[in-house]
Every structure is written in structure tokens, then in C-alpha cells.
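First the proteins, then the strands, lettered A, B, ... as listed; each starts at 1. Hydrogens, waters and symmetry mates are skipped; everything else that's a heavy atom, side chains included, is used. Owing to the predicted nature of the structure, the values given are computational and were not obtained by experimental measurement.
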Protein chains: 2
Amino acid sequence: MSTNHSKKPSKSDRTRGQILDAARDLFAEHGYDGASIRDVGTRASIDPAMVIRYFRSKDELFARAALVDLQLPALRVIDPATVGETLIRRFLEVWEGPASGPGMAILLRSAASNEFAAEKMREIFADQVRPVVAAVGDLADAGRRAGLISSQLLGLAMCRYVLRLPPVVALSHDEIIRNVGPALQRYATGEDTA
Amino acid sequence: MSTNHSKKPSKSDRTRGQILDAARDLFAEHGYDGASIRDVGTRASIDPAMVIRYFRSKDELFARAALVDLQLPALRVIDPATVGETLIRRFLEVWEGPASGPGMAILLRSAASNEFAAEKMREIFADQVRPVVAAVGDLADAGRRAGLISSQLLGLAMCRYVLRLPPVVALSHDEIIRNVGPALQRYATGEDTA
DNA sequence: GATAAAAGTCACCAATCGTTGACAAACGGA
DNA sequence: TCCGTTTGTCAACGATTGGTGACTTTTATC
């Protein structure tokens, strides 16, 4: 045990990184069940036993692989007139920016059959869209409005990164912002209650 | 082999039905990988070997279990002014009506890691929302508009049936129609191209 | 009631899974 | 150079998977 405080680029950290990268790619492509520890080992050019030695179990490896991501600093002020556009902009940056890598695909592919991933996914929306939505309307129906927004965001990510529906993959960032932004805006300000 | 033309409630058909029902429930709850043939047998109170005898393989069983569904007769005339509401109405009926059972959940849970399910899902949207959308605007960007609509519909189903996001589960049909309808309408008529 | 087909049971195979422990090689400080 | 720690390899475990085939029981027809 090296405890390894502060900095030490010590040999093993590189291997650890390689394993994590391999795991991220495979989890993103095949989901939790579809990616075996042996596959991860092969992809990282290392014995499968090492995968377990570095991370203690497959679940722990998945947990590490899935917490890359996704959290721009909370916005200080939210302009109620542009909250929809702000939201879709933020998420696109996080999902396709270099920081999170395939992080979103990892969760999406596994959420359907892995409770840990599903819970993580619920947390993301609870922590990242609910507060924003709550800041631009009465708190009473903030949950409902946040739910509607989450459904659109998750559906977009699902079509684009998992199902790979061609016309959705083909959309540019600008097109997405121009089209989805107003829809989210409508949900956020909640102009129904007819 | 009984070929069994026309009607014969012959003993075996009942078992066949029980197996299919059990398979549908388990696939809907745990996805393709998560539901084993042994589980299906146990749930149907029958030996796992029988599951294979009735359906030749797990893939074939899944294929049977997944083709319950979902196809109201194609609408003859589509009123461009209410196409959004029409679409969300239709899908809610199919998804939660008695005919399809847990059919949508089966596909949703498996689409992430099973290519057959993913393809089936793409077909559904290609066959059911594209034509409708194409009928109410220029065909040039019908794919894009249909893609946006699909993303919202799929996200709604995902949040409601798989992720079970509480505020989305709590939505009534009327609330969904009132909120999602206009969003789909906007996508369908495509008022952007700024 | 005999008999053939249908319906159901049981034991088992080969493959794959996550995980473990015993052991060999590489490395670094003394 | 010696030696202990780190890094890695290898073979194997028990469990579970989809699938098979030999077998027995039920059912229906004559």
C-alpha cells in the first residue's frame, strides 16, 4: 500500500488509468452486463486478475468509471427568459465536452438493467435540473416541470448516444439549441394549467 | 406437431401462453440479459427445458415477447393544427392500453444492450412518427422533425416506465397531453430555421 | 384397455462469468 | 549485491448461463 498522497506518477497509476479508460469505453459501448472484466483486461493489455487487484470488484470499477462527469459550476443567476436555452447549452457542453468522455453513454446503457446506474441517473436530474427549474417559478410544481425537462433531455441523449437514431445524430449543436431550447423553456415556465 | 389451424384451445397452447406471459414480465422488469430462461421457467411453473422446446431459443422467445404491440391503424387524415396532440394521445393509448401490455418496457430495457431491441425501437419511430410528420410539412426536413419528436416520446417513456422518475410517473394522461402535446406540435411544424 | 403421440422431468454439457490465491519477474533502496 | 515491495502472470474455483437429449408421465384415439 502506497497511500500515495500528493503526487507520484508511479508506474502503477498509469496502469490504473489504462484499465479505467478501457472500462469506460467498454461500459459505454456494451453496458454493465455486456462488458466483462476479461474484456476490460484484454483491451487494457493486462491480465484480468489485475483489474480486480486495482479495483476490488466489478461494481467498484463501474462506480469509478461512472463518476467522471458532469457538473458545471452551479449557475449563480438564472434569467427566467432564457432558462431553456441555458439548460440545453449546459448539458450539451457536459455530454460532448472532453471532461466527461463517454460518461453519459455509460450511465444510459446501464440504467435500464443496473439499479446503481439508474439511481445515479435520477440523482443527476434531481441535482442539476430541479434546482434550476425551482429558481424560475413557484416551488409547488417545480418537480413536475423538472420531470418534463428531464424527459426531453434524457430522450435526446438516448436517441443520440445509445439508439443512434440517424436524424438525431446528425443534428448540430446549434440546431439542437434552436429546437430543444424553446421546448425546455415552455416546460420550465409551465404555461399550461388550463 | 399439431399445425393447429383455426381454433384448438389444446392444452399446450395454454402452457405456451403462460411461458410468453412470464417472459414478457421478466423481460420488462430486468431486460434481455437480466432475465434467464430458468427464471422464465420458474415463473411459469414449468421446467426450463420446456421454454426451449416451445420457443427454439432465447432470442426467438424474446422476439415473440417483443412483438406484441403497438400500432393503431394509420390515421387517414392528419390535421396539421393538432398533430402534436394526436401523436402523444396515440402513443399513450398504445403504451398504457391493455393490448400491448408491458411491450414498451420490454424494448426500452433491452434496447441499450441488445441490438435486436434497438433496431425494433428505431423501426417503431421510423414507421409510426415519420409518416405522420412527413404529412404536415415539406419532406425535406421530415427526418429531423421526426427525430426531435421521437426523442421527446422516448424520453418520456424512459422516465415513466424504466427510470421511474417520481414526478414523471405521477403525471396524469391529461397533464402529459397538455404539456407534451404543444412541444411535439412545435417540433412537427418546425418553427425554427432562424 | 392397448398404444402412439404429446407434454413434462431430469441430468448434464460446454461456455462464460466474477473472483481468488499461488507464484514469477521487475524494481528500488540498503 | 542483496532483499523486500511492487507489478504482473497463470491456473483454477464455484456459480450461472443457454441449450441438448434421454427418459417418464399424461393424454387421446382406436
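- Among the nucleotides C:dT9, D:dT9, D:dG8, the one closest to any side-chain atom of B:Ala49 is C:dT9.
- Distances shorter than 4.0 Å separate none of the side-chain N or O atoms of B:Ser36 from OP1 or OP2 on D:dT16.
- Checking C:dA7, C:dG21, C:dT9 against every side-chain atom of B:Arg53, the shortest atom distance belongs to C:dA7.
- Rounded to whole angstrom, the span from the CG atom of A:Asp39 across to the P atom of C:dT19 amounts to 14 Å.
- Between A:Ile19 atom CD1 and C:dT19 atom P the separation is 14 Å, expressed in whole Å.
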**Asked** Does the side chain to side chain contact (heavy atoms under 4.5 Å, CB included) test come out yes or no for B:Val136 and B:Thr189, once each step is laid out?
**Response** CA-CA 7 Å; B:Val136 299; B:Thr189 58; 5.6 Å; no

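- The separation between B:Tyr32 atom OH and D:dT17 atom P is 13 Å, rounded to whole Å.
- The CG-P distance, from B:Leu26 to D:dT17, rounds to 12 Å in whole Å.
- Nearest-nucleotide assignment on DNA chain D puts the 5′-proximal partner with A:Met50, out of A:Arg38 and A:Met50.
- B:Glu85 places no side-chain N or O within donor-acceptor distance of the main-chain N or O of B:Thr82, the cut-off being under 3.5 Å.
- Across every non-hydrogen atom of A:Tyr187 and B:Gln152, the tightest pair is OH-OE1, 2.8 Å.
- The nearest whole Å value for the distance from the CZ atom in B:Arg14 to the C1' atom in C:dG8 is 14 Å.
- In this structure, A:Ile37 places its CD1 atom 16 Å from C1' of D:dT16, rounding to the nearest Å.
- Between the B:Arg160 side chain and the B:Leu171 main chain, a donor and an acceptor come within less than 3.5 Å of each other.
- Donor-acceptor pairing under 3.5 Å is recorded for the side chains of B:Ser113 and B:Asp33.
- Nearest to the side-chain atoms of B:Ser57 among the listed nucleotides C:dG8, D:dT20, D:dG19 stands D:dG19.
- A close approach under 4.0 Å does occur between a side-chain nitrogen or oxygen of A:Thr15 and OP1 or OP2 of D:dG8.
- Residue B:Phe55 is classed as having no contact, given no heavy-atom separation below 4.0 Å to the nucleic acid.
- Between the P atom of C:dT19 and the CD1 atom of A:Ile52 lies a distance of 4 Å, rounded to the nearest Å.
- Atom CG in A:Asp13 sits roughly 13 Å away from atom P in D:dT6 (whole-Å rounding).
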